[in-house]
Structure formats: C-alpha cells, structure tokens
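All values below come from the heavy atoms of this structure, side chains included, with hydrogens, waters and symmetry mates left out. Below, chain A is the first sequence line, B the second, and so on; all start at residue 1.
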Protein chains: 2
Amino acid sequence: MERNLKRRETMHRLHAVGLEVFHTKGYYNTSLDDILTELSLSKGAFYYHFKSKEDYFISIVQNLIVQKVYALLVEPLNEQENPLHAILDSLEKALEPGKSNEMAYGFMLNDFITEFNKRNAEISSYLKDILKVWEVNLVSVLKNGKTDGHIARHIDCEGVATYIIASYLGMRSLLSETNGRQLKYQYLQQLKHYFNSISERQTVA
Amino acid sequence: MERNLKRRETMHRLHAVGLEVFHTKGYYNTSLDDILTELSLSKGAFYYHFKSKEDYFISIVQNLIVQKVYALLVEPLNEQENPLHAILDSLEKALEPGKSNEMAYGFMLNDFITEFNKRNAEISSYLKDILKVWEVNLVSVLKNGKTDGHIARHIDCEGVATYIIASYLGMRSLLSETNGRQLKYQYLQQLKHYFNSISERQTVA
DNA sequence: AAACTAACCGACCAGCTGGTCGGTTTAAGT
DNA sequence: ACTTAAACCGACCAGCTGGTCGGTTAGTTT
C-alpha cells in the first residue's frame, strides 16, 4: 500500500502547487520547470503522471476548480429560503480573500477563461461548462424564488443569472490586492440595490 | 515629405494589424513573425520602429485603445441629459459586434488586463489607468445626475461606477460569438432594472 | 533473495521566440 | 552627380519550452 500512497501524495502536490503557480503567473507564462523546481521533482516524474502540460491542467481543473465552484457558489444556494439572500451570501464568501498564505480571492475561473479564450478551444469550452453549471443552478434557484414569492413574476431568471455571473466575473478582474476591501463592499452594496429591484417586496437589507 | 508619409503608413499598419492579432491570439501567444509575415515586413523594419515587443504593444494601446475607450465610453456620457440613459446607450454601442470584417465587440481592454495581470506589472497598471479614466468620468456624470434629480440622493456614485464597470467587463468575458445577441440583450435588460433601483423616479424604460 | 515494476531521474532534443547586426535600397538635400 | 541617412532586409543567435528516453532506485511479490 505504500506505493499507492506515494502516488497520491505526488499527484496531490502537483495539483496544489500547479494551480497556485498557474494562477499567479498564468498558464502560458509558467514552464513545467517552474513548478517542478518548486516541488523538487524531475521531468521524468511529471511525464510519468501526466501525458502533457494540457492534460495536467485539465486534471487540476477537474480535481480542484470544479470542487471550489461547487463548494463556494453552487451548494450555498440552497441553504437559505430566500434565493437572493443565498446568492448574496455565497458571493460575499467567494470574494473573501484567502486566509493569510492561502490563495487570495476564492477561485480563479475568470482569469483562466480569458487566458484560454481563442487560444485553446478545448480547455476554453471545458472551463465555460463549469460556468454553465453555476448558471443552471442559479436559474433553478431563482425560479423557485418566483413560486415562493420572493422574486417578481415578470423577471427573466436566465437574464438575472447571466447578469450576476457577468458582474461577479468582472468584479474579480478588478480585484487585485489593492483596495480590494472597498471594491468588494461597493459591489455587494450595488448588488443589493439590484436585487431589491427584482424582488417581490423589499427584502434585501 | 515622401519619407514622413512612408513612416506613418508603416507605423499605422503595424498598429492596426498588431492590435487585431494580439487580441485574437493573445499577446504572449503571438510572435512578432506572425504579424510581420502578414504585413510582409522584416524583423529589421520592426526594430527600426520599435525598441521591443513591449514598447510596440504600449504604442498600440496609446494610439488605438485609449482612443476607443474615449470614443465609445467616455464621450457619449455627456450627450444626454439623464446620465443613466447615456450610460445605457454607450454600453449598448460598446457591446455592438463590429461590422462584418472589423474587430468584434467593441474594444478589448478586459482581455488584455487579465492577460497581463500579474505577468507584466507595467503594462498591467497602464491598462488599469485607462479603466480609471472611464471610472472618474462615470462618477462625475453620476454626481451631476444627483444634482439634476435623476439619481436618488443616498446613492454611492463611486460604488455605482465600480459596479457598472465590473458588470461590463464580466459581460465581455462571456461574449464570444455564440449567443452573443441574447446575452447582450439579457445584460442590458437587467442593467435597466438596476438603474431603476437607483434612480429618483422610474425613468429608465 | 531474486524478479518485477512503479516511481522517479536528468541529460538531451527540436522548435520557436525576442532580439541583433551588417548590409541594401531609396528618398531627400546639396 | 554625389552624399547622407531613413527605411528596410534577413541571416543569425542565445535562451527557453514542452516533450523524449534510457537508465536508476526502491517497494512488492513470489
């Protein structure tokens, strides 16, 4: 069983460090050696575990990013009765800077989407599918909100979902350490205004 | 005078084609030869006009992107009495796909900002400064809207500006040919809801 | 303990990239 | 006509990149 353990540990280290370095320096701007040096691993070790750099990245996405999206943006949606409250809370948490040395500002889907857009169709569509999952969950929970009387009946739920996603993605573009605190506050504040405008009664404090 | 003309023409071609190729393939993913081949120019010609690839890109930004931001997003702000109407109209135009063979979807600041973020501090901050110009103009026009009675008095203009910029940037991340028409419509629709929520009276149709 | 093989090593390679440089063409000045 | 220099050419280079491959180490099995 020692064998299997070693394998898992190495894979895990490659995933974790890979995600961090890819996100800070960008996929195309990061060489395998950058990562391997930091892990004290060799080329041989790498190509034993993955068949290419691309394969490696996709593996990271499947194992870490998908997970984060679910944990931060999908699962919290059903934890409150009022969907607008649930969405607000999830976004606030997702924009939270990581604790101390952890990766800052939740997850990094948007940066990767823009990096791969038009440069690598496969990875690009793969990443967009993740957004799609978020979207359908948003729409679903918004529609429930309609029947439960939290959201005005004339509202276009797909449109609202799109709008929320767009504003969130854009927000993450703007957030880069400096004055992040203030930006986040401003964003959530305005989002509340918006939510009030689509809500049945004024329930979003 | 023939000399000066030639110079200007070559520079102009380098700028135009460079912007297009950099945007479609990404700065780091575009080699100088990609551009030079398309223009039937040599390395020598290039390095006669610019001192580096970076210098080249900055020159493009100064000559073309800054211009586009002003023309599409800043100048239209003062062309209507109600700032919210003016903003809506400018965003609608800025999200318009280019005519036929021209570059699609207005300008491309966001893609470049994400590409250079954390990879090239100088260019990155340069690009963010352009956004800053847009922001201050938005804030200014919003504040006027307050005194003119178009916007509710308790509204935080800086927050509104940030929010508009974020949603616009995010929207452009989502727009990549497929179903662009629908996305754009959804976005503008929800933006109107939001504008109604911060407007003094319900004036945004 | 011998045989097997998962896990890893690291020298090496071909291809591409930004950048250099000595030379050539051609318009402008005298 | 002759000189000067702006504008351009294209062969060349060093450095880096993703990827290969023959070999080594060490856990597992028999």
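Contact annotation: B:Lys6 side-chain N/O to D:dC8 OP1/OP2 distance is under 4.0 Å. OP1 or OP2 of D:dC8 sits under 4.0 Å from a side-chain N or O of B:Thr10. Between C:dA6 and A:His49, no contact under 4.0 Å exists linking OP1 or OP2 to a side-chain N or O. In this model, the phosphate group of D:dG19 is approached by a side-chain N or O of A:Tyr47 to a distance below 4.0 Å at OP1 or OP2.
Per the geometry, OH belonging to A:Tyr28 stands 11 Å off P belonging to D:dG18, to the nearest Å. Per the geometry, NZ belonging to A:Lys53 stands 16 Å off P belonging to C:dC16, to the nearest Å. The nearest whole Å value for the distance from the OH atom in B:Tyr56 to the C1' atom in C:dG19 is 16 Å. C:dC8 atom C1' lies 12 Å from atom CG of A:Leu14, rounded to whole Å. We find that CG of A:Leu5 is positioned 12 Å from P of D:dG27, with the value rounded to whole Å. In this structure, B:Lys43 places its NZ atom 10 Å from C1' of D:dC12, rounding to the nearest Å. The distance from atom CG of A:Asn29 to atom P of C:dT17 is 15 Å, rounded to the nearest whole Å. Regarding A:Asp33, its CG atom lies at a distance of 16 Å from the P atom of D:dG15, rounded to whole Å.
Here the nucleotide nearest the side chain of A:Leu32, chosen from D:dG18, D:dA7, C:dC8, is D:dG18. When each of D:dC9, D:dA6, C:dC9 is scored by its nearest atom to the side-chain atoms of A:Leu41, the top-ranked nucleotide is C:dC9.
Taking 4.0 Å as the cut-off between side-chain N and carboxylate O, A:Lys93 and A:Glu96 do not count as a salt-bridged pair. Under 4.0 Å is where a charged nitrogen must lie from a carboxylate oxygen, and between B:Glu9 and B:Lys6 no such pair does.
Judged purely by atom type and a 3.5 angstrom limit, B:Tyr56 uses its side chain to pair as donor or acceptor with the backbone of B:Leu14.
In this structure, A:Phe112 has its ring center no closer than 6.0 Å to that of A:Tyr27.
Of the residues near DNA chain D, A:Gly44 and A:Ser31, the one whose nearest nucleotide (by heavy atom distance) lies more toward the 5' end is A:Ser31.
With 3.5 Å as the limit, one finds no donor-acceptor pair spanning the side chains of B:Gln189 and A:Tyr163.
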